[in-house]
Amino acid sequence: MAYLQLQGIEKFFGEHRAIKGIDLDIKQGEFVVFVGPSGCGKSTLLRLIAGLEHIDGGKLTLEGRDITHQPSSKRDLAMVFQSYALYPHMSVFENMSFALKLAGVDKTEINDKVKKAADILNLTPYLERTPKDLSGGQRQRVAIGRAIVRAPKVFLFDEPLSNLDAALRGQTRVEIAKLHRDLGATTIYVTHDQVEAMTLADRVVVLRDGLIEQVGTPLELYDRPANQFVAQFIGTPQMNVVSHKLWPQAIGQQAPSAAREGAVGLRPENVIVRGGSEGGFRAKVDLVEALGAETLIYVSTDEGAQFVARQSERTPLRLGDSVNVNVALEHAHWFDREGRLATPQPSSSTAQATA
Ligand code: ATP
């Protein structure tokens with residue numbers, strides 16, 4: 001049975017239907033990440049669950065209890081914001097204990113809970129400091145600690161790492177994953193960063209324009225995207241999507257009929273670029289990015305088809321070099337004109353696509 005269940009959830013801002021009927025079942029202990037481009041409605045959906053926005057249509061239940069129109073304070077959920085929202089004049093201890101104090105919890109119990117949370121979050125040395133004397137990462141941990149002490153039924157995170165620099169982001173991401181493993185708490189996490197989504201989530205919900213495009217485990221979305229939008233949203237660098245008008249001949253020969261006016265999608269690791277002129281189709285090198293552990297090679301054909309290839313070996317190739325390109329068409333994703341998945345072609349061996 002679903003722990004948290006969304007049924008036909010809708011939200012209007014004036015005439016604008018920002019959330020267009022969302023159905024989603026979340027299991028107890030699950031880590032669910034909402035991703036999508038700016039304006040797709042992920043923060044609004046989180047705020048509807050939190051009770052910070054009024055739900056205009058549909059039903060929200062937690063453990064079978066209808067909480068659609070319950071005030072936020074009665075929902076047993078705790079939200080962690082991007083902006084931390086700490087009280088600047090209070091110490092870390094006071095910030096973390098504030099909600100419990102308001103709820104009239106016994107002093108000894110408050111002390112125990114705050115100490116335990118501080119211990120989990122490595123905040124024990126900082127309990128007497130005020131937020132201004134903490135780093136961004138430490139402030140965010142206080143905000144998380146404030147949520148933990150309340151022992152909510154569901155944790156809600158709204159882009160909690162976006163104010164941190166890249167190194168701290170990576171580090172705090174690992175801490176959040178560890179925290180989830182230790183506490184086993186049901187968590188919903190909003191981000192526009194698909195790397196965060198892929199690394200943290202049990203399941204990812206990809207949203208676009210107030211609707212769900214696909215729900216699945218990170219690797220399901222990577223390996224079997226439901227459409228071109230999800231295919232290009234998940235994965236860095238983006239999946240190569242090449243329109244039928246620009247296909248080298250051999251790609252066109254392999255295309256299922258439903259994709260003949262659409263596009264082919266190939267992950268960068270399924271594109272192999274080599275110097276010389278044997279096999280494959282011809283292209284020129286536009287850019288080489290040597291990242292150390294991997295190398296990205298950007299190429300284009302005379303017809304204007306562009307591909308990026310990812311390889312673990314380094315390369316002597318340079319800008320302007322002529323190369324031949326082989327594509328592993330057995331891993332191709334075929335899309336129709338509307339970007340929907342076209343019926344996959346029965347598997348063929350690695351195509352030595354010859355123009
Ligand atoms: P971002 O990643 O940029 O934060 P998001 O996916 O979280 O985007 P939302 O903030 O949920 O998107 O916004 C969804 C849509 O609802 C957008 O079109 C936005 O302009 C609109 N919207 C959000 N809040 C309000 C509001 N208070 N009043 C009017 N429109 C709003």
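Values below: all heavy atoms of this structure, side chains included; hydrogens, waters and symmetry mates excluded. Numbering of ligands and ligand atoms starts at 1, following listing order.
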Based purely on interatomic distance, does F13 place a nitrogen or oxygen under 3.5 Å from a nitrogen or oxygen of ligand 1?
no

Heteroatom proximity flag, T44 to ligand 1, N/O under 3.5 Å
yes

Is there a donor-acceptor pair under 3.5 Å between the side chain of T301 and the backbone N or O of A305?
yes

When you measure from atom 20 (O) of ligand 1 to the protein, is at least one non-hydrogen atom found at a distance under 4.0 Å?
no

From CZ (R203) to CD (Q214), nearest 0.5 Å:
12.0 Å

Any atoms of ligand 1 less than 4.0 Å from a non-hydrogen atom of C40? List them with their elements.
6 (O), 12 (O)

Among all protein heavy atoms in this structure, tell me which lies nearest to atom 15 (C) of ligand 1, with the distance rounded to 0.1 Å.
G39 O, 3.7 Å

When you look for heavy atoms under 4.0 Å from ligand 1, do you find them on the side chain of K42, its backbone, both, or neither?
both

For ligand 1, which atoms have a heavy atom of H16 less than 4.0 angstrom away?
18 (O)

For atom 17 (C) of ligand 1, decide whether some protein heavy-atom distance is shorter than 4.0 Å.
yes

Return yes or no for this condition: an N or O of S38 is under 3.5 Å from an N or O of ligand 1.
yes

Rounded to the nearest 0.5 Å, how far apart are CD of E53 and CG of D56?
9.0 Å

Mind listing the closest non-hydrogen atom pair of A283 and V325 along with its distance?
CB-CG2, 3.8 Å

Go through the structure and list residues passing ring-ring contact (aromatic ring centres under 6.0 Å, His included) with Y189, not counting sequence neighbours.
F31, F157

Considering only protein heavy atoms, which is closest to atom 4 (O) of ligand 1, and at what distance to one decimal place?
S43 OG, 4.0 Å

If the contact criterion is a heavy-atom separation under 4.0 Å, does G14 count as touching ligand 1?
no

Would a distance-only check, ignoring hydrogens and angles, find a side-chain to backbone donor-acceptor pair under 3.5 Å from K59 to I9?
no

Check each of F281, Y298, W247 against F307 using the ring-ring contact (aromatic ring centres under 6.0 Å, His included) test, and report the only one that passes.
F281

Has R208 got its NZ or CZ under 6.0 Å from the middle of the six-membered ring of F233, at an angle within 45 degrees of the ring axis?
no

Tell me the nearest of G41, A18, P37 to atom 12 (O) of ligand 1, using heavy-atom distances.
G41

